**Student:** 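If you scroll down you'll find the structure; I have some questions about it.
This structure is a prediction, so every number in the text was calculated from the model and none was measured.
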Amino acid sequence: NIKTDKALRDVCNNFESFFMNQILEISLKSSNMAGNGTGSKIVQSMYTDALSQKSAGSLGVSDLLYQFLREKSNGK
């Protein structure tokens, strides 16, 4: 079913985006890339959110998860 496959792909891409966001937040935790002033944490959070959303589906994690879940749902 094309609709179900698209929904599964979207969920997998969203997971990859969340996963990437967590990696970026941890790796940039001690970074001063957004400065030290008021709002710097917000700017850094906005940056990591945007970057993780744009990279969703490009790391390969979503492809692996999609294939695994698709095989499991087909009973293979």
Side-chain angles (χ1 to χ4, degrees):
N1 184 336
I2 293 172
K3 190 175 183 179
T4 305
D5 279 349
K6 172 141 178 38
L8 181 58
R9 175 63 73 185
D10 288 344
V11 168
C12 292
N13 284 341
N14 287 338
F15 175 78
E16 184 174 281
S17 176
F18 171 77
F19 181 71
M20 181 65 171
N21 192 344
Q22 295 302 304
I23 291 172
L24 287 171
E25 281 187 8
I26 290 168
S27 63
L28 297 174
K29 192 172 192 170
S30 63
S31 171
N32 291 336
M33 64 169 245
N36 290 321
T38 305
S40 62
K41 293 293 181 195
I42 294 171
V43 170
Q44 187 167 327
S45 177
M46 290 171 60
Y47 172 75
T48 57
D49 285 345
L51 189 58
S52 63
Q53 288 175 11
K54 289 290 184 185
S55 67
S58 64
L59 296 176
V61 174
S62 65
D63 289 337
L64 291 172
L65 184 59
Y66 174 80
Q67 290 171 3
F68 174 78
L69 292 174
R70 189 158 181 232
E71 286 176 11
K72 289 298 179 187
S73 69
N74 289 333
K76 292 182 181 175

**Student:** Same hydrophobic cluster for L69 and V11, using side-chain heavy-atom links shorter than 4.5 Å among ILVMFWY?
**Tutor:** no
**Student:** Given the rule in the salt bridge (charged side-chain N to carboxylate O under 4.0 Å, His left out) test, do D63 and R9 qualify, once you have shown the distances and angles that lead to the verdict?
**Tutor:** CA-CA 8 Å; D63 289 337; R9 175 63 73 185; 2.7 Å; yes
**Student:** Please tell me if the side chains of D5 and Y66 come closer than 4.5 Å, counting only heavy atoms from C-beta onward.
**Tutor:** yes
**Student:** Quick check: does any side chain N or O of N14 sit under 3.5 Å from a backbone N or O of D10, one acting as donor and the other as acceptor?
**Tutor:** yes
**Student:** Please round to the nearest 0.5 Å and tell me the distance separating atom CD of Q53 and atom CG of N13.
**Tutor:** 12.0 Å
**Student:** Taking atom CG of L8 and atom OG of S62, what is their separation to the nearest 0.5 Å?
**Tutor:** 10.0 Å
**Student:** Hey, quick one: are L28 and L51 part of the same hydrophobic cluster, counting side-chain heavy atoms closer than 4.5 Å, chains of contacts allowed?
**Tutor:** yes
**Student:** If you measure from OG1 on T48 to CD1 on I23, what distance do you get to the nearest 0.5 Å?
**Tutor:** 12.0 Å
**Student:** Give a yes or no answer on whether the side chain of E16 reaches the backbone of S58 with a donor-acceptor pair at less than 3.5 Å.
**Tutor:** yes
**Student:** Treating Ile, Leu, Val, Met, Phe, Trp and Tyr as nodes and any side-chain heavy-atom pair under 4.5 angstrom as an edge, say whether L64 and F18 lie in one connected cluster.
**Tutor:** no
**Student:** Can you name the nearest heavy-atom pair linking K41 to K29, along with the distance?
**Tutor:** NZ-O, 3.7 Å
**Student:** Any chain of hydrophobic side-chain contacts (each under 4.5 Å) joining F15 to F68?
**Tutor:** yes
